[in-house]
Structure formats: C-alpha cells, structure tokens
Undergrad: 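Can you keep this structure in mind? I'll have questions shortly.
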Amino acid sequence: MNIIIIIPCFNDNEPIKKLISQLIELCDLNILVIDDGSDSHINISSFGDRVAIIRNESNKGKGYSLRMGFEYALSNNYTHAITIDADMQHDPNCINKFIEISDNFNMVIGMRSFGTNMPIHRRFSNNVTSMIISLMCRKRIKDSQSGYRRYELKSSAFNGCTEDGFQFESEILIDQLKADNALVQHVSIPTLYNDEKSSINNASDTYKFIKLIVRKIFAR
C-alpha cells in the first residue's frame, strides 16, 4: 500500500500543528492538508517536504475538500488515504491501527465507544444513521459518523459523490460499500471531544441526510 494522510481543516490553525507534529513522530506517511478557506492561512512550512497543502479560496465544505484530497492522492499514485480531522478529536496515536489492516479491505472505519463521553444527541444520531446506512450497504456499519477512516483509492470510486458538506461521509459509505464484494473493517478509537463549538447543525444536517438517502434510494 502507498498511503497518504489527508486532513481537512477550517480555522484549526493551532490544533493542526500539534496534530501534524504527532503524526510525523508516529509514522512515516506523507500528509496533505486541505485548508478550506480558513480566515487566516495555515502555515505548515516548518514541517518540510512530508507535508503538502491545498487551499480553497473560500469555505467549500468538508466533502468538497475530501474530494480534492482524493484527487490529489490519485494523481500522485497513492493507493489509500487515511482521513483524520484537524481539531484533535481523532487520536493520532491510533494511526498505525489503520496502517496495519490488510489492503483486502475497501474501507477501515474508526469506531468510537458510545458511552457517556459522547453527548446523548450524538449517540442517538449516530445510531440512527448507522442503522440506515447499514441497511443500504447490506453490511454492518458501526460508526457512520466517524471521519477517521482509511479509504481504498480508485479512479472511479468517487464519481457518484456530489455532497460538499458533512453528508459526503455518509454518501461515500453507501457508494463504496454497496457492492456485495466490498469489505469493511472497524478499529476501536477513543471518543474525544474538546471545548470547540461543533460545525454540525443538527436540524439542517438531519434534513440534508434525509435528502441524501431519498436520492440514493431513487438512484438505484
């Protein structure tokens, strides 16, 4: 496998520097940062050639940024990408769990525990969306809202994905794992939250998720 780490980032200037520093210590993978129109440019020049950056002129959304990252990875002959959030809610110490899983699996998903560390509204939302996506994929998806993942990269794998926001991570589960021979593996990761306000809007994102599911059902 030839793996790259992709980090979508919006106004996470300080935590992303800590994250990159830890990842460089933990593994020898190259890293791509997608600066999604942050208010002030994220400066990663001190990290040398192992870290590249793409900047969106304006805030385009997580899905848009991930698609840009996947296109970069494919054009540079990477076979897999590990995605990790910039806000330190994904533990970089778990990175080797994703690296060590066999390349027989099309996707590896970081699975959080749904105990008291996770707010109750997020537990409910995650359980419901995971159940719906599992039914559509005909495979057990244990944490559909986790963005800590390893993707197998194929030139045609993302052609059907059009979502620019957080719904992209649900859409790509459906598109990549719906085939009968698609294989998914889960690895345990800790549930971490910081004091920053979530970018997720519960009402509007629920509506967008419903629209996505209806669109995918009628597209079959």
Side-chain angles (χ1 to χ4, degrees), residues 1-36 38 42 44 46-47 50-53 62-63 65-66 69-70 73 78 80-103 105-127 129-130 133 140-153 166 168-170 172-173 184-200:
M1 288 186 292
N2 188 16
I3 307 173
I4 188 171
I5 298 172
I6 297 177
I7 310 174
C9 180
F10 178 63
N11 289 341
D12 294 303
N13 300 46
E14 291 309 312
I16 196 172
K17 293 176 184 177
K18 179 180 178 182
L19 173 62
I20 292 172
S21 295
Q22 292 186 20
L23 288 170
I24 287 173
E25 290 288 327
L26 290 162
C27 69
D28 60 359
L29 301 182
N30 290 335
I31 299 169
L32 174 67
V33 175
I34 311 293
D35 181 357
D36 190 22
S38 296
I42 295 165
I44 49 87
S46 62
F47 294 108
R50 278 186 57 186
V51 185
I53 191 165
K62 188 177 185 182
S65 297
L66 286 174
F70 294 149
Y78 291 98
H80 294 76
I82 297 174
T83 59
I84 182 169
D85 288 352
D87 58 4
M88 294 299 294
Q89 290 193 16
H90 293 157
D91 187 352
N93 290 293
C94 295
I95 195 71
N96 285 298
K97 290 185 177 183
F98 293 86
I99 297 170
E100 292 164 0
I101 295 288
S102 165
D103 62 1
F105 292 94
N106 303 93
M107 192 180 297
V108 181
I109 301 173
M111 178 184 64
R112 297 163 292 180
S113 62
F114 299 131
T116 55
N117 285 347
M118 181 178 286
I120 189 168
H121 68 279
R122 291 198 180 185
R123 274 182 274 163
F124 176 77
S125 172
N126 204 340
N127 285 332
T129 57
S130 296
I133 292 173
R140 177 77 186 280
I141 307 300
K142 299 179 182 179
D143 189 351
S144 68
Q145 294 182 7
S146 171
Y148 204 171
R149 300 175 180 176
R150 192 190 79 192
Y151 294 92
E152 179 186 25
L153 299 175
F166 292 103
F168 172 82
E169 290 176 308
S170 295
I172 199 168
L173 286 174
V184 59
Q185 178 67 285
H186 296 82
V187 296
S188 295
I189 60 172
T191 305
L192 303 175
Y193 288 103
N194 54 34
D195 295 330
E196 293 183 6
K197 184 179 179 181
S198 173
S199 300
I200 298 175

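Worth saying up front: this structure is predicted, and the values here are computed from it rather than measured.
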Undergrad: Should Val184 and Leu173 be marked as a side-chain contact (heavy atoms from CB on, under 4.5 Å) after you check the CA-CA gap, both sets of side-chain angles, and the distance that decides it?
TA: CA-CA 10 Å; Val184 59; Leu173 286 174; over 6 Å; no

Undergrad: Are Ile3 and Cys27 close enough, and set up right, to give a side-chain contact (heavy atoms from CB on, under 4.5 Å), and what steps lead you there?
TA: CA-CA 11 Å; Ile3 307 173; Cys27 69; over 6 Å; no

Undergrad: If you look at every heavy atom in Cys9 and Ile42, which pair is closest and at what distance?
TA: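 Scanning both residues completely, I find the closest heavy atoms to be SG-CD1, 2.9 Å.
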
Undergrad: Please walk me through it: do Arg112 and Gln89 pass side-chain contact (heavy atoms from CB on, under 4.5 Å)?
TA: CA-CA 11 Å; Arg112 297 163 292 180; Gln89 290 193 16; 6.0 Å; no

Undergrad: Quick check for you: to the nearest 0.5 Å, what is the distance between Ile53 atom CD1 and Ile20 atom CD1?
TA: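 Spacing of CD1 (Ile53) from CD1 (Ile20) equals 7.5 Å.
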
Undergrad: Could you give the distance from CG (Asn2) to CG (Asp103), rounded to the nearest 0.5 Å?
TA: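 Reported to 0.5 Å precision, the distance equals 12.0 Å.
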
Undergrad: Assess the residue pair Ile7 and Asp12 against the criterion (side-chain contact (heavy atoms from CB on, under 4.5 Å)); give the C-alpha distance rounded to whole Å, side-chain angles, the decisive distance to 0.1 Å, and a yes or no.
TA: CA-CA 11 Å; Ile7 310 174; Asp12 294 303; over 6 Å; no

Undergrad: Is there a donor-acceptor pair closer than 3.5 Å between any side-chain N or O of Thr83 and the backbone N or O of Ile6?
TA: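 Judged by distance alone, no pair lies under 3.5 Å.
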
Undergrad: Would you say Leu66 and Ile34 make side-chain contact, with heavy atoms under 4.5 Å?
TA: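 Answer no - side chains too far apart.
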
Undergrad: Just by modelled atom types, is the Ile31 backbone N or O under 3.5 Å from a matching donor or acceptor in the Arg50 side chain?
TA: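 No, because the side chain of Arg50 does not come within donor-acceptor range (under 3.5 Å) of the backbone of Ile31.
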
Undergrad: Looking only at atom types and distance, does a side-chain atom of Arg150 sit under 3.5 Å from a main-chain N or O of Ile101, one as donor and one as acceptor?
TA: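 Side chain of Arg150 to backbone of Ile101, a donor-acceptor pair under 3.5 Å: yes, one is there.
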
Undergrad: For Ser188, which residues count as a side-chain contact (heavy atoms from CB on, under 4.5 Å) partner, sequence neighbours excluded?
TA: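 Counting only residues at least two positions away or on another chain, Ser188 forms a side-chain contact (heavy atoms from CB on, under 4.5 Å) with Lys97, Met111.
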
Undergrad: Please report the interatomic distance CD1(Ile99) to SG(Cys94), rounded to the nearest 0.5 Å.
TA: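 Spacing of CD1 (Ile99) from SG (Cys94) equals 11.5 Å.
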
Undergrad: Could you measure the distance from the CD atom of Glu14 to the CG atom of Leu19? Nearest 0.5 Å is fine.
TA: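 One gets 13.0 Å once the value is rounded to the nearest 0.5 Å.
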
Undergrad: Can any side-chain N or O of Asp36 pair as donor or acceptor with the backbone N or O of Phe10 at less than 3.5 Å?
TA: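 No; zero donor-acceptor contacts below 3.5 Å.
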
Undergrad: Which heavy-atom pair separates Asn126 from Asp143 by the least distance, and what is that distance?
TA: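 Closest heavy-atom pair between Asn126 and Asp143: ND2-OD1, 2.6 Å.
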
Undergrad: Between Ser146 and Ile109, is there a donor-acceptor pair closer than 3.5 Å when you use the side chain of the first and the backbone of the second?
TA: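 Such a contact is absent between Ser146 side chain and Ile109 backbone.
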
Undergrad: For Gly147 and Glu169, work out which heavy atoms get closest and say how close.
TA: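 Taking every non-hydrogen atom into account, CA-OE2, 3.2 Å.
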
Undergrad: What's the separation between atom OG1 in Thr191 and atom CG in Asp91, rounded to the nearest 0.5 Å?
TA: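 CG of Asp91 is found 11.0 Å from OG1 of Thr191.
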
Undergrad: About how many Å separate NE2 of His186 and CZ of Arg149, when rounded to the nearest 0.5 Å?
TA: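 Separation between the atoms: 9.0 Å.
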
Undergrad: Within the side chain of Asp85, is there an N or O that forms a donor-acceptor pair under 3.5 Å with the backbone of Asp87?
TA: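 The answer is no, because no donor-acceptor pair under 3.5 Å joins these two groups.
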
Undergrad: Taking the inter-plane angle between the rings of Phe168 and Phe70 on a 0 to 90° scale, is it parallel (under 30°), tilted (30 to 60°) or perpendicular (over 60°)?
TA: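 It falls in the tilted class, 30° to 60°.
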
Undergrad: For the ring pair (Phe, Tyr, Trp, His ring centres under 6.0 Å) test, which of Phe105, Tyr151, Tyr148 pairs with Phe98?
TA: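 Answer to the ring pair (Phe, Tyr, Trp, His ring centres under 6.0 Å) test with Phe98 among Phe105, Tyr151, Tyr148: Tyr148.
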
Undergrad: To check you understand the geometry: which heavy-atom pair defines the closest contact between Pro92 and Leu23, and what is its length?
TA: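 In terms of heavy atoms, the two residues are closest at CB-CD2, 3.8 Å.
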
